[in-house]
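Report on one structure; see the data block that follows.
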Amino acid sequence: MKKSIYLSFIAAMAASSCSTSTSGNSGSISYPEAPQDGTVDTIFGMTVNDIYRPLENDTAAATLAWVEAENKVTREYLDKIPFRGGISDRLTDMNNYVKRGLPSRGNDGKYYYYENDGLKNQSVLYRASDPQGTDSEVFLDPNTLSDDGTVALTGTSQSKDGRYMAYTISRSGSDWTEIYLLDSATGKLLPDHIEWAKFTGADWDPESKGFYYSAYPTPEAGKEYSNANENHRVMYHRVGTPQSQDKVVFEDKEHPLHFHSAMLTESEPHLFISIGGQGVGNELRMQKGNEWVTIFGGQDYTVAPIDVIDGKIYLYTSYGAPKNRIVAAPVENPAPENWVEIIPEGEGVLTGASFSGDKLFAYWEKDAAEQVSIHSLDGKKLSDLELPGYGTLGISTDRKHPEDVFYSFTSFTSPSTIYRYDAATGKSELMYETKIDGVDLDEFVTEQVFYPSKDGTKIPMFLTYRKGLKRDGNNPVYLYGYGGFNVSLTPGFSANRLLLLENDVIYAQANLRGGSEYGEEWHQAGTKMNKLNVFNDFIAAAEYLIDQGWTNPEKITIEGGSNGGLLVGAVANMRPELFKVAFPRVGVMDMMRYHLFTIGWNWASDYGTSADSPEMAEYLLGYSPLHNVGKSGKDYPAIMVTTADHDDRVVPAHSFKYAAALQAADTGDAPKLIRIDSKAGHGAGKPISKVIDEYADIYSFMFHNLGMTPKH
């Protein structure tokens, strides 16, 4: 299989009456009255209003009634848009094409790959005797695991002897993971079943008797998707035994907010534990007998094992290299003073590495586009993998089978294309090229620009648009950003985005500080007391597009999800006059309390918390989207907040409270709606039918509020 390392309410009344009215493009809107209790917190002497605190209880009757009433208002608004049905039909057509994933060799000698023949809610896992899939058969179809496609297959792991296949699923978009076992030969489901696992796969032991996984204790009933997650443990499951007999391999009760992940290296089996959750990096330990040896302590740097070969541990690390490097350490004494540099820090950011036979593949990112270099085991560079342009790479290598190197390439204007790399010749062979009927992708072009932020820092941004588009200052723009958690936005394909492009909308993707585009320094420049840099970078992107004659404030739509939802909420408060439409999606909107829910505490390394210090609390309060609604005194853009009932990453209370505040504030006549999805989570594994439905709503809302009628 793939072997590569990448661096990853108490309410007093039911919500039945209306407290606020506004007029938008569809006439007057009456918003439901949100449950409130007048809560006021005092944080380091500061008064912090949190009157919508009851909405944090997402299972309370008053909250459920408010959610139902809000969805009714939103549905009535969207369903009146005359072209919504046409947009939905066009998105359905655009998504109806074959999508194939990379093949990888299993330990049974078979090749496995995912494929969706068009509009299946979930991609199907196939098995074949060759990587081309000439005799393919369905191995596991997740569409059969639920009636509505809301059970997603999130990963597979085959035992070393190829006898068993463990697979992980997520229900309704939740981060909670369940693990099941299949007999590889027959596909028969075995009785083994693991519950309440999270942020984990299944890592098999060398004898194929069982596997390691990470899980939390069983959560309190009714609070599975909101209460803070504590005491992440590494467990060992023996095949054929109930979960109640699983053994605790590693835990740390003194640090209940740490994450613990197990990894067993491939070439020479050694068990490693990565410990993170409260820093930008991780601690790394290795099992020696009955003891755990610390290879690297603290959580200030990333240290990740790639493999163990000839008694040496190959490590990917940011220690001593803000843009990362590869080192090797002797298994007998792997302390940092014994590390030998294999691939040094380079001009671009090293994002990961994997082995194929005696070759080391290093993955780089330069100006937010991906590259690959190939090295000998001692680090000597042998060649580069030639790629067709700005894009994002997926790669599958196999240490034991160097002939099995497969990679995919995708860009804003090209769907995934799969190649096989021949190590002997250094050439790539085309294996699979994606075809989309009814769309001429050659009509569109991508360029990269660099613009100055408020402090003069040059920020890269990709612009994708129809060839020949004129800079007449009147083009609609869809501006997307994230800016956090070392996440880099590289060029990638979206069938849904094609609808924008064919309607002459410019898609702009800004690579803001807080990401990993230029290493740890770039990341830190967008964290904690530097977080305003991220918002200023995004505002500057819009100003640049206006100054360069691409567009004007009446034509700009902004979108971001999760940390990007925070971004959109913050800049809408800061510069509402700069944007016409805004989509803060599954956003972190309450910066004073985010750390109290599920895994919110894990984000403190990027945000800081309101409990840290008076200075940090004041800084967070200064930009927290929830607490700054309407303070500019200016009219806001049309806003549609999106969230989901099973989002246990960023709990829906963030969006609930923010939307309630928006609707109650005096921010002009443009609509302020919230779209609350059911049986959905933070986004991963969402059925294609739900994705199409959501984007039909988003694009309809956008075009309607831009005063445009789309062509399709």
Side-chain angles (χ1 to χ4, degrees), residues 349 351 365-371 389-393 409-416 441 444-453 457-467 469 475-518 522-523 526 533-548 550-551 555-568 570-571 578-579 581-587 683 695 698-699 702:
V349 179
T351 60
E365 189 176 302
K366 186 176 180 181
D367 293 331
E370 296 189 347
Q371 303 172 347
Y390 299 127
T392 298
L393 184 80
F409 181 84
T410 181
S411 71
F412 293 118
T413 58
S414 58
S416 180
L441 295 173
F444 311 114
V445 65
T446 295
E447 67 170 299
Q448 188 177 41
V449 299
F450 295 83
Y451 64 90
S453 188
T457 301
K458 292 292 184 181
I459 311 297
M461 177 166 59
F462 291 105
L463 304 179
T464 303
Y465 51 88
R466 188 188 296 276
K467 292 177 181 177
L469 199 70
N475 296 302
V477 166
Y478 198 94
L479 175 60
Y480 181 83
Y482 186 79
F485 297 97
N486 248 323
V487 172
S488 181
L489 297 184
T490 55
F493 184 77
S494 166
N496 297 320
R497 200 182 296 139
L498 292 177
L499 188 138
L500 299 178
L501 299 179
E502 69 177 14
N503 280 282
D504 295 329
V505 178
I506 300 169
Y507 177 73
Q509 184 167 291
N511 295 102
L512 316 173
R513 281 175 284 186
S516 63
E517 285 85 349
Y518 296 103
W522 190 259
H523 170 223
N533 285 336
V534 182
F535 310 144
N536 289 330
D537 291 353
F538 199 61
I539 289 169
E543 292 175 332
Y544 171 85
L545 292 166
I546 295 168
D547 292 343
Q548 294 296 309
W550 288 105
T551 191
K555 293 291 187 177
I556 300 178
T557 297
I558 54 174
E559 188 220 329
S562 194
N563 173 72
L566 159 63
L567 166 71
V568 171
V571 300
L578 195 57
F579 316 109
V581 183
F583 296 108
R585 304 182 64 199
V586 294
Y695 272 97
I698 288 172
Y699 291 160
M702 179 196 75

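Contact of the V477 side chain with the Y507 side chain is not registered, since no non-hydrogen atoms from C-beta on lie closer than 4.5 Å. Looking at Q548 and V449, their side chains never come closer than 4.5 Å, going by heavy atoms from C-beta outward. By the 4.5 Å heavy-atom criterion applied to side chains, I506 and T551 are not counted as neighbours. Looking at R497 and F412, their side chains come closer than 4.5 Å, going by heavy atoms from C-beta outward. Taking 4.5 Å as the limit, every side-chain heavy atom of N475 sits out of range of all side-chain heavy atoms of K555. Inter-residue side-chain proximity for L545 and M461 is flagged as met; some heavy-atom pair is nearer than 4.5 Å. Side-chain atoms of W522 and V349, non-hydrogen and from C-beta on, never get closer than 4.5 Å to each other. The shortest side-chain heavy-atom distance between S411 and T464 does not fall under the 4.5 Å cut-off.
Residues P415 and L441 share a closest heavy-atom pair of CD-CD1, 3.5 Å. Closest of all the heavy-atom pairs between Q509 and P491 is NE2-N, 4.4 Å. Shortest non-hydrogen contact noted between V571 and F538 is CG2-CD2, 3.9 Å. Across every non-hydrogen atom of S453 and A540, the tightest pair is CA-CB, 3.8 Å. Taking both residues in full, the closest heavy atoms of R513 and V534 are given as O-CG2, 3.1 Å, listed atom of the first, atom of the second, then distance.
Here T410 pairs with T392, F493 under the side-chain contact (heavy atoms from CB on, under 4.5 Å) rule; sequence neighbours left out. Partners of N511 according to the side-chain contact (heavy atoms from CB on, under 4.5 Å) rule, which considers only residues two or more places apart in sequence or in another chain, are A368, P460, F462, L489, E517. Residues satisfying the side-chain contact (heavy atoms from CB on, under 4.5 Å) test with A542, not counting sequence neighbours, are L479, I556, L578, F579. Checked against salt bridge (charged side-chain N to carboxylate O under 4.0 Å, His left out), D504 has the following partners two or more places apart in sequence or in another chain: R466, K711. Applying the side-chain hydrogen bond (donor to acceptor under 3.5 Å, both in side chains) criterion to S488, with sequence neighbours excluded, gives E365. Q371 pairs by the side-chain contact (heavy atoms from CB on, under 4.5 Å) definition with W364, K366, not counting sequence neighbours.
Expressed to the nearest 0.5 Å, how far CZ of F444 lies from NZ of K467 amounts to 10.0 Å. From Y518, atom OH reaches atom OG1 of T457 across 11.5 Å, with rounding to the nearest 0.5 Å. In this structure, I558 CD1 and Y480 OH are separated by 12.5 Å, a value rounded to the nearest 0.5 Å. To the nearest 0.5 Å, the span separating CE on M702 from CG on L499 amounts to 8.0 Å. A distance of 5.0 Å separates CD of Q448 from CG of D367, quoted to the nearest 0.5 Å. Considering CG of N496 and OH of Y699, their distance stands at 5.5 Å, rounded to 0.5 Å.
The main-chain N or O of L512 is never found under 3.5 Å from a side-chain atom of D537 such that the two would form a donor-acceptor pair. The closest donor-acceptor contact from the side chain of N563 to the backbone of Y482 lies under 3.5 Å.
Both tests pass for R585 against the ring of Y695: distance under 6.0 Å to the centre and angle within 45° of the axis.
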* Go through the steps to decide whether F583 and T557 satisfy the test side chain to side chain contact (heavy atoms under 4.5 Å, CB included), and finish with yes or no. => CA-CA 8 Å; F583 296 108; T557 297; 3.7 Å; yes
* Asked: Would V445 and Y465 count as a side chain to side chain contact (heavy atoms under 4.5 Å, CB included) if you check the C-alpha gap in whole Å, the side-chain angles of each, and the deciding distance to 0.1 Å?
  -> CA-CA 6 Å; V445 65; Y465 51 88; 3.6 Å; yes
